[in-house]
There are 4 protein chains.
Amino acid sequence: MLKKLSEAKLQEILETGISEFAAHGPDKANINVIAKKSGVSVGVLYKYYDGKEGFFKACLKQALRALEAAIEEAIQGDDKILVRAEKLIRAIQRSAKENPNYNVLYHEITAGSSQRHAATLAAEIEGISSRAYVGFIAKAQEDGDIRKDINPRLFAFFFDNMLTMLQFSYSCEYYRERFKIYCGEEMLADDERVVQELLKFFESAFTTEQSQIPHKR
Amino acid sequence: MLKKLSEAKLQEILETGISEFAAHGPDKANINVIAKKSGVSVGVLYKYYDGKEGFFKACLKQALRALEAAIEEAIQGDDKILVRAEKLIRAIQRSAKENPNYNVLYHEITAGSSQRHAATLAAEIEGISSRAYVGFIAKAQEDGDIRKDINPRLFAFFFDNMLTMLQFSYSCEYYRERFKIYCGEEMLADDERVVQELLKFFESAFTTEQSQIPHKR
Amino acid sequence: MLKKLSEAKLQEILETGISEFAAHGPDKANINVIAKKSGVSVGVLYKYYDGKEGFFKACLKQALRALEAAIEEAIQGDDKILVRAEKLIRAIQRSAKENPNYNVLYHEITAGSSQRHAATLAAEIEGISSRAYVGFIAKAQEDGDIRKDINPRLFAFFFDNMLTMLQFSYSCEYYRERFKIYCGEEMLADDERVVQELLKFFESAFTTEQSQIPHKR
Amino acid sequence: MLKKLSEAKLQEILETGISEFAAHGPDKANINVIAKKSGVSVGVLYKYYDGKEGFFKACLKQALRALEAAIEEAIQGDDKILVRAEKLIRAIQRSAKENPNYNVLYHEITAGSSQRHAATLAAEIEGISSRAYVGFIAKAQEDGDIRKDINPRLFAFFFDNMLTMLQFSYSCEYYRERFKIYCGEEMLADDERVVQELLKFFESAFTTEQSQIPHKR
DNA sequence: GATGAATGAGCGTTCATTCAT
DNA sequence: AATGAATGAACGCTCATTCAT
């Protein structure tokens with residue numbers, strides 16, 4: 001076979017890569033195996049990508065693009081914060097179902113072997129959503145939709161922490177198991193329930209002014 | 001040197017292992033290097049542990065034991081839920097400062113290369129805390145300390161998600177960067193502030209009955 | 001581009017090949033790079049030449065043809081031996097300046113990787129000049145121009161050895177350095193001096209009958 | 001087999017390396033093959049030497065040490081120049097017979113792939129002998145043993161050129177063939193004859209003042 | 001005929017593991 | 001028991017060669 005690689009083939013290679021990198025991690029994943037599974041020669045990987053690391057980055061980029069696209073809609077428009085939250089949760093559930101590996105890859109870069117690039121990667125990946133989330137929350141404070149006695153950046157951070165863990169809990173093997181341990185196997189499938197409970201969690205956390213709550217300590 | 005390995009030496013080896021595994025990940029960490037840095041021969045690693053994987057597990061166990069010990073106190077007694085939460089947060093901050101690598105190792109097992117053992121590991125590691133957290137929350141519901149219109153297992157899950165992300169945010173390079181992006185560099189050092197804001201988040205989320213909150217959707 | 005390769009293009013390819021083979025050696029030189037630098041596809045290299053080895057041989061042949069042409073004039077006619085020698089030395093200097101790579105390529109085939117073809121190559125390359133040189137010297141002996149107490153083949157051999165080393169000393173990196181170490185950097189540029197001294201060397205060696213020299217051993 | 005490599009084994013490995021590098025050149029020689037032929041694992045080569053290049057350098061050093069040792073004796077003492085020359089020629093013949101590969105390796109570094117290190121190598125390798133030869137000749141000039149109307153550095157250079165070519169002519173496949181073409185197959189075996197003729201060549205070249213020779217141009 | 005993308009055998013190198021000492 | 005040199009399978013990468021277009 002020596003006709004030029006179609007765009008589709010390139011996509012297929014990336015998908016294979018994502019799948020292998022997700023399954024074995026960036027270090028253990030085998031370039032020769034990925035090539036074989038993609039039905040191309042290793043040479044192709046070295047022609048289109050800059051070695052194993054370059055290929056991993058390409059897979060990562062692909063995965064992150066898809067993840068961004070998945071939540072894109074949810075952060076557009078000027079919904080009230082909880083509406084946005086609901087959209088986000090549902091987007092996460094949907095995307096985790098469709099492409100769990102994208103989340104696995106995202107998770108991968110937070111681990112040891114990618115440490116060297118932590119700062120760069122974090123800036124690239126978290127920059128946009130962090131600004132978006134902090135913006136939402138600050139705006140919501142101004143609009144009187146959520147309480148004013150909180151630090152919007154920290155609350156945005158907490159908010160994203162929850163969503164991030166949700167992503168992993170639906171996609172990464174370990175976190176799925178943990179999810180089941182906490183909530184029972186059936187909860188993994190009961191998307192609606194998770195949405196409702198998490199919204200309750202957010203709603204209260206976001207909207208209840210401290211003064212309204214009698215201190216119990 | 002033919003003298004038997006002292007308990008202290010074994011500890012030192014584990015610490016070296018933890019440090020190397022944390023720095024390079026389970027795959028890239030080098031057994032021969034670990035032995036050299038520990039001042040022992042590779043032979044002992046193979047005598048005392050079952051290969052690289054067995055040694056990693058031992059390091060992991062060591063790290064987890066320490067992490068458990070660190071939060072042990074916080075989950076003892078019968079404090080009110082928010083007092084417990086505060087204790088937990090502070091324990092996490094303390095432990096992350098003292099031994100960030102323990103958290104890194106914990107994080108490591110959630111990633112790809114450990115996937116094979118996800119179920120076993122999760123059961124071993126999350127079993128205790130999940131039961132504890134679910135127990136607290138159910139108990140607090142009974143006592144009227146927190147709201148009744150929630151699923152205690154899910155809320156325990158959310159609760160631990162927050163704490164888990166906090167752990168990583170203080171310890172793992174990528175998450176530290178992300179923390180800084182969301183909250184600014186200075187927040188990483190401002191433990192008190194984080195405690196207070198996270199407690200606000202939990203307090204409202206836990207104590208505010210849905211009915212008290214006017215719906216805004 | 002489907003136009004047939006012009007003779008000029010073929011020449012250009014050979015020159016590129018010579019340059020690359022001279023720069024990196026026959027093993028490390030890269031066929032694909034040569035094609036790219038020549039502005040043709042690898043395909044033509046395989047169409048016009050028999051693989052990498054065949055192409056190297058073609059480059060070599062080209063280089064040797066040029067080297068032969070450069071000394072052609074010097075071995076024509078029936079000059080006295082020292083006149084011929086001078087012409088040869090100057091031809092070598094000229095040719096080394098103009099196309100050092102030709103000499104480098106010549107040198108290349110005397111090395112390991114070409115060993116398999118040593119006999120064939122030597123016969124092809126050295127045959128003509130050896131016959132010429134031996135002829136000159138034998139003739140000069142007959143004419144009484146040079147001494148009779150020597151073996152003309154060995155002296156032709158010595159003669160060519162000197163010229164060969166001179167070629168390399170002007171063209172091949174290592175031998176240039178060695179030249180500088182022996183004679184100083186400035187001698188590399190002082191062609192005239194080299195001509196004169198080498199002629200002295202030859203003149204005495206060729207013309208002085210042993211009997212004229214008082215033995216000093 | 002896992003007892004520590006004996007000095008003898010290390011020597012054997014170097015000899016195998018020299019032989020393989022001589023046979024195939026530094027680029028084509030195969031580290032895994034060398035290891036296998038030496039009866040050791042590749043790992044050993046990487047433990048004792050710095051990769052393929054480091055190993056080649058070690059082989060080279062070994063070869064050069066042996067070559068130096070072989071001519072050491074000849075350049076000791078304060079023999080008259082022609083006595084020295086004779087000793088050198090015989091040393092070259094002996095060494096070429098015993099270890100032709102050492103010469104092949106020496107020849108190898110003058111070729112393309114070693115170009116990068118030409119300056120360093122030349123300084124290391126040629127430095128000593130060049131100083132020795134130039135010294136001899138200058139001294140012999142002072143002593144009135146050889147003529148004064150020559151540049152001692154250039155004549156030392158010519159002298160070493162002849163010896164160098166002799167080395168290669170006895171050791172390197174291509175030059176051996178060339179030797180046979182010039183002088184006939186039997187001359188390769190007739191060491192005595194070569195010694196005598198080359199000495200004649202040197203003797204006249206060195207001792208005959210220009211003035212004694214009637215110009216014939 | 002000319003192209004150049006694709007191929008995949010082959011090689012340098014690493015490192016988990018073994019076992020004679 | 002402890003050692004650590006030796007092992008060699010395995011992997012990332014290169015590049016000479018092929019052949020559909």
Side-chain angles (χ1 to χ4, degrees), chain A residues 1-6 9 27-36 38-56, chain B residues 1-5 9 27-36 39-56, chain C residues 1-5 9 27-36 39-56, chain D residues 1-6 9 27-36 38-56:
Chain A
M1 240 176 294
L2 51 108
K3 71 157 162 283
K4 197 174 173 177
L5 253 51
S6 62
K9 193 67 187 174
D27 299 321
K28 280 266 191 71
N30 182 320
I31 280 287
N32 293 274
V33 168
I34 291 172
K36 188 146 286 176
S38 307
V40 298
S41 66
V42 261
V44 169
L45 292 187
Y46 285 83
K47 178 162 179 44
Y48 288 89
Y49 307 100
D50 189 11
K52 191 190 192 182
E53 186 166 338
F55 180 59
F56 175 68
Chain B
M1 259 177 280
L2 295 185
K3 69 170 186 256
K4 196 175 169 196
L5 251 52
K9 194 64 187 175
D27 299 323
K28 281 268 189 70
N30 183 321
I31 279 289
N32 294 273
V33 168
I34 292 172
K36 185 144 285 172
V40 298
S41 68
V42 271
V44 325
L45 291 187
Y46 281 82
K47 171 133 196 62
Y48 287 86
Y49 308 101
D50 190 11
K52 192 189 192 182
E53 187 167 334
F55 179 60
F56 175 69
Chain C
M1 259 175 280
L2 295 185
K3 69 172 184 251
K4 196 177 170 194
L5 251 51
K9 195 64 189 174
D27 299 323
K28 281 265 189 73
N30 184 321
I31 279 287
N32 293 274
V33 168
I34 292 172
K36 184 143 287 174
V40 298
S41 67
V42 270
V44 325
L45 292 188
Y46 281 82
K47 172 134 196 63
Y48 286 85
Y49 308 100
D50 189 10
K52 191 189 192 182
E53 187 166 335
F55 179 59
F56 175 69
Chain D
M1 242 176 293
L2 51 108
K3 71 156 162 283
K4 198 174 173 178
L5 252 52
S6 62
K9 193 66 188 174
D27 299 322
K28 279 268 189 70
N30 181 320
I31 280 287
N32 291 272
V33 168
I34 292 171
K36 187 146 286 174
S38 308
V40 297
S41 67
V42 261
V44 168
L45 292 186
Y46 284 84
K47 177 162 181 45
Y48 287 89
Y49 307 101
D50 190 10
K52 191 189 193 183
E53 186 165 338
F55 181 58
F56 176 69

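Predicted, not measured: the structure shown is a model, and the values here were computed from it.
Remark: P of F:dA10 and NZ of A:K36 are 14 Å apart, rounded to the nearest angstrom. The distance from atom OH of C:Y48 to atom C1' of E:dT3 is 13 Å, rounded to the nearest whole Å. The separation between C:I31 atom CD1 and F:dT18 atom P is 12 Å, rounded to whole Å. Rounded to whole Å, the distance from CD on C:E53 to P on F:dA16 is 13 Å. Across the protein-nucleic acid pair, A:L45 atom CG and F:dT14 atom P stand 12 Å apart, rounded to whole Å. One can place NZ of B:K47 at 9 Å from C1' of F:dA2, the figure rounded to the nearest angstrom. Rounded to whole Å, atom P of E:dA16 lies 8 Å from atom CD1 of B:I34.
Between B:K28 and A:G43, it is A:G43 whose nearest contact on DNA chain E lies nearer the 5' terminus. Positionally, the nearest nucleotide of DNA chain F for A:A29 lies more toward the 5' end than for the other of C:D50 and A:A29.
Applying the 3.5 Å distance criterion, the base of F:dG12 shares no donor-acceptor pair with the side chain of A:N30. Residue side chain C:N32 reaches the base of F:dA16 through a donor-acceptor N/O pair under 3.5 Å, judged by distance alone.
Here the shortest heavy-atom pairing between B:S41 and B:A35 reads C-CB, 3.9 Å. Residue B:D27 comes nearest to B:K52 through the heavy atom pair O-NZ, 2.8 Å, listed as atom of the first residue, atom of the second, then distance.
With distances taken from any side-chain atom of A:Y46 to the nucleotides F:dG12, E:dT17, F:dT7, the minimum falls on F:dG12. The side chain of A:V44 has E:dA6 as its nearest neighbour among E:dA6, E:dA2, E:dT13. Which of F:dC13, F:dG8, E:dA6 sits closest to the side chain of A:S41 comes down to E:dA6. Distances were taken from every side-chain heavy atom of B:V42 (C-beta onward) to each of E:dG4, E:dT13, E:dT18; the shortest belongs to E:dT18.
Across all strands shown, A:V40 has heavy atoms under 4.0 Å from sugar-phosphate atoms exclusively, and none from any base.
In a base pair of the Watson-Crick type (N1 to N3 plus N6-O4 or O6-N4) or a G-U wobble (N1-O2 and O6-N3), with each distance short of 3.5 Å, E:dT21 is matched with F:dA2.
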